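What follows is a single structure, written as structure tokens, with notes after it.
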Amino acid sequence: MSTFEQVSSQFLAFGKSQADAALKAQSLALAGLERIADIELQAFESQVNATVEFLNSLGEVRDFESARTLWPRGFALAKQSAEKAYATSLEVFDVAVKTNEALGTLAKEKIESTNEVLAQQVNAVKGQFEKSSEELVKRVKKAVAK
């Protein structure tokens, strides 16, 4: 196999491994985004249901006394909404951190494997260069000796 063919095949293999890594990174990122969207959607649905229930009970108010009993429920709904928003943000943050950790691990593995491949290629070229230089030195000595 010629040097050009070796370089071409190595370049193609490197390109394929880079494309595979990019696809895996995209898959990890999309999985994280999907999980975050699911968390947000569940929280939104829960809050909408609680708010609709409260608004329905507002429609049943007929006098001042019944309206007064709804104030604590309104404050409880507001408190519950704030707590749920905080808990959801913590859960979203956790998913984002885990996704970033997975992407960082993937990048680290890719860098390490690329370094190994490059080191092998450099050592192979170094060995070929040393062999070629020794051969050249022998030829020059032989030509000078004539």
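As the structure is a prediction and not an experimental result, all values here were calculated from the model.
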What's the separation between atom [atom1] in [X] and atom [atom2] in [Y], rounded to the nearest 0.5 Å?
X   : Y   : atom1 : atom2 : result
I36 : L41 : CD1   : CG    : 13.5 Å
E34 : S27 : CD    : OG    : 10.0 Å
L58 : E53 : CG    : CD    : 11.5 Å
E40 : S89 : CD    : OG    : 8.5 Å
E45 : N49 : CD    : CG    : 5.5 Å

Any pair counted as salt bridge (Lys or Arg N to Asp or Glu O under 4.0 Å), so long as it reaches residues 84-96, sequence neighbours left out:
R35-E91, D94-K98
Shortest non-hydrogen separation from L103 to A25 and the atoms involved
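Between these two residues, the closest heavy atoms are CD2-O, 3.4 Å.
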Among all residues two or more places apart in sequence or in another chain, which pass the salt bridge (Lys or Arg N to Asp or Glu O under 4.0 Å) test with E134?
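By the salt bridge (Lys or Arg N to Asp or Glu O under 4.0 Å) rule, E134 matches no residue at all.
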Residues in salt bridge (Lys or Arg N to Asp or Glu O under 4.0 Å) contact with E83, at least two apart in sequence or another chain:
K79
Heavy-atom distance under 4.5 Å between the side chains of [X] and [Y], does that happen here?
X    : Y    : answer
T105 : E109 : yes
K126 : E130 : yes
Q42  : D38  : yes

Any chain of hydrophobic side-chain contacts (each under 4.5 Å) joining L55 to L70?
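Shared cluster, yes.
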Counting only N and O atoms by type, is there a donor-acceptor contact under 3.5 Å from the side chain of S81 to the main-chain atoms of L77?
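Yes, the answer is positive, given that a donor and an acceptor are paired below the 3.5 Å cut-off.
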Please determine whether side-chain contact (heavy atoms from CB on, under 4.5 Å) holds for the pair Q18 and K110, giving the CA-CA distance in whole Å, both sets of side-chain angles, and the decisive distance to 0.1 Å.
CA-CA 8 Å; Q18 293 298 329; K110 188 62 190 158; 3.3 Å; yes
